[in-house]
Structures are given as structure tokens and as C-alpha cells.
Amino acid sequence: MSGVFAPGTPIAHEERDALHRKAVRSGFEAALAEAARYLGATSPNPAVGCCLLDSAGTILVTEAHHRTGARHAEALALHRARELGVIDRVATALVTLEPCNHVGRTPPCSEALRDSPVRDVWVGMRDPNPVAGGGIARLRQMPEGRNVFLLEDFPELADLREGCAALLAPFASRILRQRPWITVKQARNEVGSMIPPAGRKTFTSQASLEIAHRLRRASDAIITGIGTILADSPRFDVRHVPDHEDRAPRLVVVCDRQNRLPDSWREKMIGSGFRVVVSRELGEIPSLLADHGVNWAMVEAGPGLLGEIGRLGLWDDWLDIQTTGNGPDRYRVFSHGPTPLRFILDEGVRPLPADEAVF
Ligand SMILES: NC(=O)C1=CN([C@@H]2O[C@H](COP(=O)(O)OP(=O)(O)OC[C@H]3O[C@@H](n4cnc5c(N)ncnc54)[C@H](OP(=O)(O)O)[C@@H]3O)[C@@H](O)[C@H]2O)C=CC1
Ligand SMILES: Nc1c(N[C@@H]2O[C@H](COP(=O)(O)O)[C@@H](O)[C@H]2O)[nH]c(=O)[nH]c1=O
């Protein structure tokens with residue numbers, strides 16, 4: 001592995017490699033954490049993080065893509081490095097997604113890297129988007145010895161690649177399958193029921209509600225059923241954690257085949273910044289959401305709609321939060337791949353025992 005250390009650094013190869021792996025690891029962890037803060041704000045673009053290191057492997061800047069139309073993560077990180085006066089020290093760029101090679105709303109990141117002192121570029125995932133991809137090949141063709149390393153070529157860094165795959169999963173789903181990543185969130189009480197006690201909408205703990213609201217913040221759309229609207233008149237807003245500033249209107253899709261949706265609820269939601277769509281056919285929802293640029297959709301619905309979603313297999317991961325009645329709530333996750341839920345869950349709610357949980 002060549003990399004973050006300047007040629008001629010007077011340390012042994014093995015020591016250099018160990019330090020190098022440590023620097024790459026901390027850099028990717030920082031880039032992933034920063035990017036995950038913007039899940040739900042970047043769509044239809046992906047969430048992407050970038051970390052710039054100096055030749056000793058010290059982190060100089062960590063940045064992320066904030067929203068469509070704004071600078072990409074690499075371009076913003078290089079911009080910050082110039083603002084901070086550390087651009088001349090930048091040696092290595094770690095990016096969770098292949099740098100773009102096209103002129104979209106912003107110029108190609110491959111060129112931003114070319115016009116910088118970066119010599120080594122570490123890439124978490126190849127870009128599944130054929131329009132923007134090609135940055136790896138372009139960087140490799142550039143003169144002056146730029147090196148490009150892919151995490152997929154380093155088995156000892158497989159967990160970082162999985163993190164990058166989880167971060168990209170919602171975008172990759174829309175691009176490759178023309179449907180968003182769909183997460184079902186289900187809360188159940190001590191006896192396994194989803195139905196709240198009379199006069200209440202929720203029964204889980206504050207920690208669980210914060211997880212639910214982080215998921216709302218990270219997703220671009222909520223799929224629900226008419227039964228939930230009629231029972232709860234839900235707000236579906238983000239209030240137990242801070243929301244993204246100036247977020248684009250989020251979609252709520254209501255499965256309602258008999259036109260029972262109250263106008264008053266629809267008007268209230270539009271007034272709070274949602275777009276409301278009614279669907280008579282559950283099966284059409286994934287492609288409809290993809291057409292609206294939705295990368296990640298969550299389901300907040302009752303047992304009627306969840307049964308149908310389960311029967312049709314219309315989900316990618318399923319978060320089941322259970323109240324125990326005594327002690328903290330527990331959760332388990334069922335997932336069909338590296339799940340972006342890893343960026344949502346935290347210590348406030350404990351996983352169920354390993355044999356009952358996916359991770
Ligand atoms: N604990 C939790 O996590 C949650 C609990 N809840 C609770 O669940 C209860 C409501 O549950 P429920 O009555 O089952 O309501 P749902 O929210 O599950 O909505 C059910 C409706 O979905 C529509 N639907 C079902 N299948 C399809 C399909 N294939 N295509 C299109 N539409 C479809 C039907 O509408 P139609 O009748 O028009 O055919 C059906 O009546 C409430 O008490 C609420 O508090 C709600 C959300 C989360
Ligand atoms: N019961 C239940 C949940 N239920 C979901 O929350 C909705 C109410 O949202 P709001 O109007 O924004 O407070 C409700 O209609 C249903 O979709 N969620 C949870 O995290 N825990 C719970 O115990």
C-alpha cells in the first residue's frame with residue numbers, strides 16, 4: 001500500500017502500513033459519520049462524505065455533501081482546506097463514493113482533485129450511476145502519479161466498505177432498481193400489539209421516539225395507510241430530534257382505496273410542508289417514489305398495511321421496536337443488505353439477544 005506517508009519517511013514498512021491503515025480507518029469513520037448527518041437532505045443525490053489527510057495521516061478536514069446543487073463532498077472539503085490555509089498539506093482524500101466525472105449541477109470532482117495537491121484517493125464504493133461514474137478511471141489516467149485505492153481491494157477494511165455500502169444503499173436502490181430503499185418501522189408493546197392505548201398515539205420510550213424521528217429525518221417519504229390517518233391523525237414531523245434546515249417538502253403516500261382521506265388532514269399536512277399523494281395500489285408506490293427522486297422511504301402504518309407489505313416483500317429492512325414494560329425498549333432489525341439503519345440506531349435502545357437480531 002502506498003499512501004498517506006511522504007516518500008522517505010524514516011519508519012519501517014510494517015510500522016508505516018499499520019499507521020496507514022489506522023489513518024485510513026479513522027478518516028473513513030469520520031467521513032461516514034459526517035455524511036450520515038445529511039441523509040434525507042441530499043436526495044435525489046446520495047449522501048457522501050470526504051476526509052482529507054496530511055502526509056502523516058492526520059485528519060485536516062472532514063466534509064459531506066449537504067444537498068443537491070451544493071458542492072460535492074470532495075469539492076467542499078478542498079474548499080474548506082483552502083479557507084483554513086491547509087491546502088498545501090493535503091496529501092490524501094478518502095471519499096465514501098467514487099468521485100464524479102461529469103458536469104451536472106456542479107463541476108466534476110475528478111477535476112477538483114486534479115487541481116489540488118491530493119496524490120492518493122481512497123474510494124469507498126464505485127458509483128452505480130452511469131451518468132456520473134468514471135472518476136476512478138479518470139483519476140488513474142492523470143499524470144503526476146495519482147494513486148486510486150478501492151476499499152473492495154482491501155479485505156481487512158471490509159467493514160468500512162460495508163459502511164459505505166450502507167450509506168449509499170438508498171441512492172443505489174433508486175438508481176439500480178428504480179425504487180427507493182424501503183424501511184418499515186414498527187413499534188410493539190409488551191404483548192406484541194401495535195395498537196396504542198385509547199387516547200394515545202405512541203407508547204414507546206423517549207429513546208425509541210428519537211430513533212423514529214431520526215428515521216423520519218433521514219427518509220424522503222413516508223408510506224402510511226388510511227387506518228392510521230383515521231385513528232391517529234398523525235403529524236409525521238420531526239420534533240424529537242432537530243430536523244434538517246430548509247428541507248425540501250417530504251412526501252406522504254396514503255394507501256386509501258375508498259377515498260376516505262379527510263380533507264382537513266391533507267390540508268394540515270400541506271400547511272406543514274408535506275406533499276400528500278393518495279394511492280389505491282400499493283405495488284405502484286415504489287416506482288412512483290423513485291420518479292419523485294425519493295432515495296429512502298419509511299413505512300409508518302398499522303397491521304393492515306404492514307401485512308400487505310410483508311406479503312408482497314415490499315421492504316428492504318424492518319425495524320421492530322418492542323417495549324418490555326420494565327427497562328429500556330429493545331429492537332431487532334431484519335435486513336436484505338447493508339442497512340442504513342446503522343446510522344439511525346443508538347445506545348438509547350438495546351438490541352434483542354443475538355439469536356433474535358440480525359445485527
Ligand atoms: N405501533 C406502530 O408502529 C403503529 C401503529 N399504528 C396503529 O395502527 C392502527 C391502524 O392500523 P390499520 O387499521 O391496520 O391501518 P393501516 O394504517 O395499516 O391502513 C390500512 C389500510 O391500508 C389500505 N391498504 C391495505 N392494503 C392495500 C393495498 N394492497 N393497496 C392499497 N391500499 C391498501 C387499506 O385501505 P382501504 O380500506 O381503503 O382498502 C387499509 O384499510 C392504529 O391504531 C394506529 O395507531 C399505526 C402506525 C404505526
Ligand atoms: N405507536 C407508536 C408509533 N406510531 C406511529 O407514530 C404516529 C404518530 O406520529 P405523530 O403524530 O408525529 O406523533 C402514529 O400514527 C404511528 O404512525 N411510533 C412510535 O415510534 N412509537 C409508538 O409507540
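Computed from heavy atoms alone, side chains included, the values below leave out hydrogens, waters and symmetry copies.
Side-chain contact check for Asp220 and Asn295: no donor-acceptor pair (N or O, by modelled atom type) lies under 3.5 Å. Side-chain contact, Ser233 with Lys268: a donor N or O sits under 3.5 Å from an acceptor N or O. With hydrogens and angles left out, the side-chain atoms of Arg280 and Asn259 include a donor and acceptor closer than 3.5 Å. With 3.5 Å as the limit, one finds no donor-acceptor pair spanning the side chains of Thr324 and Glu190. Neither side chain, Thr204 nor Asp329, offers a donor N or O lying under 3.5 Å from an acceptor on the other.
Across Asp317, Thr183, Asp316, a single residue satisfies side chain to side chain donor-acceptor pair (under 3.5 Å) together with Thr339, and that is Asp317.
A heavy-atom distance below 4.5 Å is found between the side chains of Ile59 and Thr62. Contact check for Phe149 versus Val24: no side-chain heavy atoms found under the 4.5 Å cut-off.
In this structure a side-chain-to-backbone donor-acceptor pair under 3.5 Å is missing from Arg330 to Thr323.
Among all heavy-atom pairs drawn from Gly302 and Thr228, the shortest one is N-OG1, 3.2 Å.
The side chain to side chain donor-acceptor pair (under 3.5 Å) pairs that include a residue from residues 247-258 are Asp243-Arg247, where partners are two or more places apart or lie in different chains.
Put simply, Ile226 and Ile195 are part of two different groups of oily side chains (I, L, V, M, F, W, Y) that touch within less than 4.5 Å, one to the next.
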**Q.** salt bridge (Lys or Arg N to Asp or Glu O under 4.0 Å) between Asp246 and Arg67, intermediate numbers included
**A.** CA-CA 10 Å; Asp246 307 324; Arg67 61 190 68 243; 5.5 Å; no
